[in-house]
Every structure is written in structure tokens, then in C-alpha cells.
Amino acid sequence: MSETIPYAYRLADKVAVVTGGTGGIGRAMCERFAAEGAMVAVVDLDEPTGTALAASIDGMFVRCDVTSATDVEALYEAVSSRYGGIDICCNNAGISPPDDDSILDTGLDAWERVQTVNLTSVYLCCKYGLPHLLARGGGSVINTASFVALLGAATSQISYTASKGGVLAMSRELGVQFARQGVRVNALCPGPVNTPLLQELFAKDPERAARRLVHIPMGRFGEASEIAAAAAFLASDDSSFITASTFLVDGGISGAYVTPL
């Protein structure tokens, strides 16, 4: 690990599991957690990329279909067996396919596929991950939701929006339920982030993408590293009195009526 990284060493000796670990935000989370001292399990279906990332941060890679209860249960058993326990569950896997659009155009297959990957996977990861945190005497669960769980959009991704609303509500309830057992559960709600997914949207539909940018008071999209920094804070003891929260990292979108010229 580079000695030049100017991060606090807040996650020393903690074990973190990050699903969707090879994507833009997931990769940044894995790298940030490792830079802060955590032992990180990179979880994804992309085995070559995940293996290389895990090697680069001295972690482990676990190939897992997060929509499979069998795979998810085995995932946490494997990580716990290797590291002796788990302290941080970062449930970040998600999709936003092009056939998830207006409710008038989105078919049932697309609706169900997005719900399964974005919402059911978080249910499964919490169901099988929480017992490991409880066995440790506490820990932090960070579920990646979205700012769209709080706002309506005329350029709709109906199933994505609904799924992230479900993640937000589930996180709030789990945060309340397990607060006195030492487990904090928070919903991390990013605004639009400069990831390959967003870049693809710009390439395919620049007008639709531009309509997003105009609503951001800061006048730019977020960076994956900025979302990872927020996740590291929620994973650390610096956020010890934060649970059941809607943790917005959105450049001010949710607070804006009009944006600066």
C-alpha cells in the first residue's frame, strides 16, 4: 500500500465485503477501504477484473451472483472463514439497463430483472451478512441507494427508481431494528457519478444526459472516489452515531429549487 495516500487509517483490522466491486463506484470503494487499512473482499461476477483488483489491494476475490441466496450465503461464509469475521457490508451491486425507461415502455421482464439485482440482492446480502456482524458485536452496513429514491424524474428509469426507494426504506428499518445490537445500517445516496455507465448514457443520448447536469448546483457530476470517501466515513467509527440515515452525496441536487447560472 502506498505511503503517499493521504487517508486516515480508520479501518485498520476491519474486514469489508463490497458487492459490485469491479464497477466504477465499487472499485473506488474497495481501493479506499483498503487504503484505510481494511481487509477487503471484492465481490463480482467479473472474475478476471475482480481477481486483479483483489491482488492489487491485498484482498480476496469472491465470484458471486448476488441474486442467488445460495451464492450469497456462501460468500459471507467464505470471507468470514478467511478473515475470522466481518465488520463492514457494503451492498453496492446494481444495474440500470436501457430497457428500463418510462413505465409506459418498460416491460415486465425489465422491471423484474432490475428489482432482482438492485433490491432483492440487498435483501439477501443483509439477511446473510448481518449475522456475521452481530457475531462480531457490531459493524456497519452501507446499502447503495440513490438520490432518485427521493426525487421524481421526467426522464424516468421506473424500475431503477422504485428499486432504490426500496433499498432506502429497507435500510432505514434495519438501522432502527439493529441499532441496540451495535450494527449501523445506512443508505448511501449518490447523485449522478462520472462512471462508465453515465458515460455510456452521454454517448447514446446526450440530450437526456445534459438534462441531468443542469440540475446539479455544483455544475458537475460526482466522481467515484467522492462516493467511496463517503462510504469509508460510514464504515468507520467516525460515524458511530449515524444509523438509519439517508446519506446524500449528490452535489446539492436534492436541496435545489433552481441552480446557479
Taking S236 for the side chain and F233 for the main chain, is one N or O donor matched with an acceptor at less than 3.5 Å? yes
Quick test of your reading of the model: are E77 and R82 salt-bridged, counting only N-O distances below 4.0 Å? no
Mind checking whether S121 and T116 have side chains closer than 4.5 Å, heavy atoms only? no
Are P192 and I253 close enough that some pair of their side-chain heavy atoms sits under 4.5 Å apart? yes
Quick check: do V15 and R136 have side-chain heavy atoms less than 4.5 Å from each other? yes
Can you measure from CD1 (I95) to OH (Y160) and round to the nearest 0.5 angstrom? 10.5 Å
Could you check whether any side-chain heavy atom of M170 comes within less than 4.5 Å of a side-chain heavy atom of N143, counting everything from C-beta outward? no
Nearest heavy-atom approach of A256 to P217 is CB-CG, 3.7 Å
What are the two closest heavy atoms between T243 and A179, and how far apart are they? CG2-CB, 4.3 Å
L134, CG: over 12 other non-hydrogen atoms inside 6.0 angstrom: yes
Between the CG atom in L248 and the CZ atom in F147, the distance rounded to the nearest 0.5 Å is 10.0 Å
If you measure from the Lys or Arg side-chain nitrogens to the Asp or Glu carboxylate oxygens, is any gap between R113 and D99 under 4.0 Å? yes
Same apolar cluster (I L V M F W Y, side chains within < 4.5 Å links), V17/I88: no
So CG of L119 and CG of N91: to nearest 0.5 Å the spacing works out to 11.5 Å
For A230 and L188, the nearest pair of non-hydrogen atoms, with its separation, is CB-CD1, 3.9 Å
Determine whether V141 and I242 fall in the same hydrophobic cluster, where Ile, Leu, Val, Met, Phe, Trp and Tyr are linked whenever their side-chain heavy atoms lie under 4.5 Å apart. no
Return the minimal non-hydrogen interatomic distance between L133 and S140, and the atom names on each side. CD2-N, 3.6 Å
Is a donor on one side and an acceptor on the other found under 3.5 Å between the side chain of S146 and the backbone of A149? no
SB check D238 R10 (cutoff 4.0 Å): yes
When hydrophobic residues are tied together by side-chain contacts of less than 4.5 Å, even through go-betweens, does V167 share a cluster with V72? yes
d(Y76 OH, S81 OG) to nearest 0.5 Å is 16.0 Å
Give the intermediate values and the outcome of side chain to side chain contact (heavy atoms under 4.5 Å, CB included) for residues M29 and T144. CA-CA 11 Å; M29 288 175 171; T144 302; 3.9 Å; yes
State whether a side-chain donor-acceptor pair under 3.5 Å links D46 with T49. yes
All heavy atoms of T19 vs all of C125, minimum pair found to be CG2-SG, 4.0 Å
Less than 3.5 Å apart, any donor N or O on the side chain of Q115 or S163 sitting next to an acceptor on the other? no
Spacing of OG1 belonging to T106 relative to CG belonging to D100, to within rounding of 0.5 Å: 5.0 Å
Within the 3.5 Å criterion, strictly below it, is a donor on S239 or R184 matched to an acceptor on the partner's side chain? yes
Evaluate the side-chain proximity of T195 to I25: yes if any heavy-atom separation is below 4.5 Å, no if none is. yes
Taking all heavy atoms of W111 and all of A162, pick out the closest pair and write down the distance. CH2-CB, 3.6 Å
Does CD in Q181 sit with more than 12 non-hydrogen atoms of other residues, nucleotides or ligands closer than 6.0 Å? yes
Within one Ile-Leu-Val-Met-Phe-Trp-Tyr cluster: L11 and Y83, side-chain cutoff 4.5 Å: no
Quick one, P190 and D250 - any side-chain contact, counting heavy atoms below 4.5 Å? no
Decide whether L130 and L124 are clustered together by the hydrophobic rule: side chain heavy atoms of Ile, Leu, Val, Met, Phe, Trp, Tyr closer than 4.5 Å, transitively. yes
Donor-acceptor under 3.5 Å (S225 side chain, A28 main chain): no
Begin from the C-alpha positions of V40 and E31 and carry the test side chain to side chain contact (heavy atoms under 4.5 Å, CB included) through to its verdict. CA-CA 9 Å; V40 180; E31 292 174 339; over 6 Å; no
Please lay out, stage by stage, how R32 and E226 fare under the test salt bridge (Lys or Arg N to Asp or Glu O under 4.0 Å). CA-CA 10 Å; R32 179 63 183 253; E226 293 174 306; over 6 Å; no
Got V79 and M39 here, is their nearest side-chain heavy-atom distance under 4.5 Å? no
Going by heavy atoms in the side chains, are V193 and F221 under 4.5 Å from each other? no
Could you walk me through whether K14 and D237 pass the side chain to side chain contact (heavy atoms under 4.5 Å, CB included) check? CA-CA 11 Å; K14 294 188 183 295; D237 292 339; 4.1 Å; yes
Please round to the nearest 0.5 Å and tell me the distance separating atom CG of L168 and atom CD of E173. 12.0 Å
